[in-house]
Amino acid sequence: MPEAFDPTTAPAAAPRVLSGIQPTADSFHLGNYLGALRQWVSLQDTHEAFYCVVDLHAITVEHDPEVLRRRSKVAAAQLLAMGVDPERATVFVQSQVPEHAELAWVLGCLTGFGEAGRMTQFKDKSAKQGQSNTTVGLFTYPILQAADILLYSPEPGDGERVLRVPVGEDQRQHLELTRTLANRFNHRFGDTFVPPEAFIPEGAAKITDLQEPTAKMSKSASSPQGIIDVLEEPGPMRKKIMRAVTDTGTEVVYDEENKAGVTNLLRIFSALEGTPIPDLEKRYADSGYGQFKKDIAQAVLDTFTPIRERTRELLADEAELDRLLALGAERAGKVAARTMDTVRERVGFVGRGR
């Protein structure tokens with residue numbers, strides 16, 4: 001049973017890291033795992049880590065409440081099954097810490113309409129969905145994301161005042177907005193937030209669609225055959241690797257322009273096995289695609305089988321999973337409440353008179 005550490009009083013010599021992931025599918029996929037989630041495990045050794053399932057972000061589109069609740073728990077179970085340790089990291093569901101929404105309102109009142117409207121993801125998604133299907137929540141999504149991050153800003157005396165956020169290229173604009181809002185609040189109301197730093201953890205890999213290797217592997221864009229789910233059964237998983245797009249040649253070489261499919265498979269294999277790509281090119285120089293794909297499929301199965309089995313174990317004991325999430329929410333809530341006490345006082349809200 002994890003000991004309940006108190007992040008508001010425990011010494012924090014390490015920098016903080018904050019990251020979140022949406023529960024918008026029944027399983028994370030290979031791209032999520034190699035691009036971010038695997039690094040969450042190693043980051044908890046060097047950082048004071050806060051990891052959240054961002055269910056508030058998941059309701060910017062129409063959703064089924066029971067599906068969202070189930071997916072939130074499945075997402076948390078997968079994080080724990082991958083090796084995120086509740087003794088070393090704070091794992092929680094976003095909606096269980098109400099200060100996220102409260103700070104989002106304050107920051108929203110500091111954000112210009114045009115500033116929010118320039119966010120590329122909003123423009124792209126709203127153009128696809130049409131104005132009648134685009135919610136205000138989608139428009140203010142980056143402001144809530146800024147609140148998610150800045151709530152966990154280290155205060156003076158918290159040790160190293162560094163707040164890091166693992167990001168891909170598609171999130172850099174949102175992080176820049178977060179930095180802008182942190183600096184704007186500090187200028188108007190006094191030093192409160194540490195502007196977060198963007199960084200790419202060592203070992204992060206950019207994984208593309210198995211059928212469209214020039215496109216990102218994505219739940220919203222990839223075809224079922226182009227994406228591998230972490231919780232997928234071994235048979236379908238193996239078939240998808242064997243049917244992955246390569247090209248008409250037989251050479252296993254890294255060439256992003258002319259061999260995008262093979263290059264993607266090399267990235268996957270290298271990330272899973274820890275073998276440099278040039279060494280893999282030498283290993284398969286004379287074997288062609290068949291054996292190459294078989295070995296990649298086995299590496300994927302070896303990685304995801306224990307995660308799938310551990311996830312099922314965690315979901316089978318729902319009371320214990322709920323207890324772990326409640327513990328994480330309590331830990332996160334202590335930090336969030338301290339931040340919001342400062343924000344309320346500096347903005348000019350009337351105190352609660354405890």
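Numbering starts at 1 and runs along the sequence shown. Predicted, not measured: the structure shown is a model, and the values here were computed from it.
- A side-chain donor-acceptor contact under 3.5 Å links Ser223 to the backbone of Gly226.
- Under the 4.5 Å side-chain criterion, counting only non-hydrogen atoms from C-beta, Gln78 is not in contact with Arg310.
- No side-chain donor from either of Asn183 and Asn186 sits under 3.5 Å from a side-chain acceptor of the other.
- Atom CD1 of Ile227 is separated from atom CD of Gln225 by 11.0 Å, given to the nearest 0.5 angstrom.
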Exercise for review: Decide yes or no on side-chain contact (heavy atoms from CB on, under 4.5 Å) for Leu138 and Thr135, but give the supporting numbers first.
Suggested key: CA-CA 5 Å; Leu138 183 62; Thr135 66; 3.7 Å; yes
**Study point:** ring-ring contact (aromatic ring centres under 6.0 Å, His included) assessment of His29 paired with Phe304
**Key:** CA-CA 10 Å; His29 59 70; Phe304 288 156; over 10 Å; no
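- A chain of hydrophobic side-chain contacts below 4.5 Å, direct or via other Ile, Leu, Val, Met, Phe, Trp or Tyr residues, connects Leu79 to Val93.
- Closest approach of Gly290 and Met242 over heavy atoms only: O-CE, 4.0 Å.
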Check your understanding: Could you go step by step and tell me if Val343 and Phe349 meet the side-chain contact (heavy atoms from CB on, under 4.5 Å) rule?
Key -> CA-CA 9 Å; Val343 169; Phe349 295 157; 5.8 Å; no
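- Following chains of ILVMFWY side-chain contacts shorter than 4.5 Å, one cannot reach Val54 starting from Leu163, and the two form parts of different hydrophobic clusters.
- Closest heavy-atom contact between Arg238 and Ala297: CG-CB, 3.8 Å.
- Asn264 and Tyr254 share no donor-acceptor pair across their side chains, judged by distance under 3.5 Å alone.
- You'll find the side chain of Phe269 stays beyond 4.5 Å of the side chain of Ile241, heavy atoms only.
- No donor-acceptor pair closer than 3.5 Å links the side chain of Arg38 to the backbone N or O of Asn32.
- Checked by atom type and distance alone, the side chain of Ser270 never pairs as donor or acceptor with a backbone atom of Leu266 at under 3.5 Å.
- With values rounded to the nearest 0.5 angstrom, Arg164 atom CZ is found 13.0 Å from Glu48 atom CD.
- Counting heavy-atom neighbours within 6.0 Å of Glu281 CD, excluding the residue itself, gives a total above 12.
- With Thr339 contributing its side chain and Leu151 its backbone, the two residues share a donor-acceptor pair below 3.5 Å.
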Review point. Please walk me through it: do Tyr289 and Asp247 pass side-chain hydrogen bond (donor to acceptor under 3.5 Å, both in side chains)?
Key: CA-CA 10 Å; Tyr289 295 153; Asp247 59 63; 3.0 Å; yes
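- Following chains of ILVMFWY side-chain contacts shorter than 4.5 Å, one can reach Val262 starting from Leu272, so the two form part of one hydrophobic cluster.
- What you find for Pro213 and Thr208 is that their closest heavy atoms are O-OG1, 3.0 Å.
- Here the side chain of Ser153 pairs a donor or acceptor atom with the backbone of Val194 at under 3.5 angstrom.
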Review point. How far apart are the C-alpha atoms of Glu318 and Arg323, what are their side-chain angles, what is the distance that settles it, and do they pass the salt bridge (charged side-chain N to carboxylate O under 4.0 Å, His left out) test?
Key: CA-CA 8 Å; Glu318 191 170 5; Arg323 188 191 71 81; over 6 Å; no
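- Enclosure of atom CG in Asp64 by more than 12 non-hydrogen atoms of other residues, nucleotides or ligands within 6.0 angstrom is indicated.
- For the pair Arg179 and Glu197, the salt-bridge criterion is not met [side-chain N within less than 4.0 Å of a carboxylate O].
- In this structure, Thr111 OG1 and Arg184 CZ are separated by 6.5 Å, a value rounded to the nearest 0.5 Å.
- Here the side chains of Leu150 and Phe185 are not in contact, with every heavy-atom distance at 4.5 Å or above.
- For the pair Tyr284 and Asp295, the minimum side-chain heavy-atom distance is below 4.5 Å.
- Checked by atom type and distance alone, the side chain of Thr305 never pairs as donor or acceptor with a backbone atom of Asp302 at under 3.5 Å.
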Point to revise | Residue pair Arg312, Glu233: steps toward the salt bridge (charged side-chain N to carboxylate O under 4.0 Å, His left out) verdict | key: CA-CA 12 Å; Arg312 288 174 176 171; Glu233 292 297 326; 2.5 Å; yes
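- A salt bridge between Glu256 and Arg267 is present, with a side-chain N of the basic residue lying under 4.0 Å from a carboxylate O of the acidic one.
- Between Leu324 and Leu80 the shortest side-chain heavy-atom distance falls below 4.5 Å.
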Exercise for review: For side-chain contact (heavy atoms from CB on, under 4.5 Å), just list the numbers for Asp322 and Lys73, CA-CA rounded to whole Å, side-chain angles, deciding distance to a tenth of an Å, and then say yes or no.
Suggested key: CA-CA 8 Å; Asp322 287 345; Lys73 291 188 178 184; 3.0 Å; yes
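- A distance-only check finds a donor-acceptor pair linking the side chain of Glu115 to the backbone of Gly112 [under 3.5 Å].
- Taking OG of Ser218 as the start and CD1 of Ile207 as the end, the distance is 14.0 Å to the nearest 0.5 Å.
- When side chains are defined from C-beta on, Phe193 does not count as touching Thr178, because their heavy atoms never get closer than 4.5 Å.
- Arg88 contributes no side-chain N or O that, together with a main-chain N or O of Ala49, makes up a donor-acceptor pair within less than 3.5 Å.
- For the pair Thr275 (side chain) and Leu280 (backbone), a donor-acceptor distance under 3.5 Å is absent.
- Of all the heavy atoms in Val84 and Ala89, the pair that sits closest is CG1-CB, 4.0 Å.
- Classification of Lys240 and Glu232 as a salt-bridged pair holds, one side-chain N sitting under 4.0 Å from a carboxylate O.
- For Gln173 (side chain) and Arg118 (main-chain N/O), a donor-acceptor pair under 3.5 Å exists by modelled atom type.
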Practice item. Would you sort out whether Leu210 and Val245 count as a side-chain contact (heavy atoms from CB on, under 4.5 Å), showing the intermediate values? Key: CA-CA 6 Å; Leu210 296 178; Val245 167; over 6 Å; no
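- No single ILVMFWY cluster, assembled from side-chain heavy atoms under 4.5 Å apart, contains both Leu181 and Leu56.
- Hydrophobic clustering places Met217 together with Met237 (ILVMFWY residues linked when any side-chain heavy atoms are closer than 4.5 Å, directly or through intermediates).
- Between the side chains of Gln145 and His174, a donor-acceptor pair is found at a separation under 3.5 Å.
- Residues Leu37 and Phe28 form a side-chain contact, since some pair of their non-hydrogen atoms from C-beta on lies under 4.5 Å apart.
- Defined by atom type and a distance below 3.5 Å, a donor-acceptor pair is present between the side-chain atoms of Asp148 and Gln94.
- Taken to the nearest 0.5 Å, the CD1 atom of Ile149 stands 14.0 Å off from the CZ atom of Arg16.
- Residue Gln22 places its CD atom among more than 12 non-hydrogen atoms of other residues, nucleotides or ligands, all under 6.0 Å distant.
- Checking each of Phe92, Tyr152, Trp40 against Tyr51 for a ring pair (Phe, Tyr, Trp, His ring centres under 6.0 Å) leaves exactly one that passes, namely Trp40.
- The residues Glu273 and Arg283 are annotated as salt-bridged, a charged nitrogen and a carboxylate oxygen being separated by less than 4.0 angstrom.
- With contacts defined as side-chain heavy-atom distances shorter than 4.5 Å, the pair Leu231/Val74 qualifies.
- When the options Thr24, Asp26, Asp55 are evaluated for a side chain to side chain donor-acceptor pair (under 3.5 Å) with Arg71, the one that passes is Asp26.
- Rounding to the nearest 0.5 angstrom, the gap separating the NZ atom in Lys259 from the OG1 atom in Thr263 is 8.5 Å.
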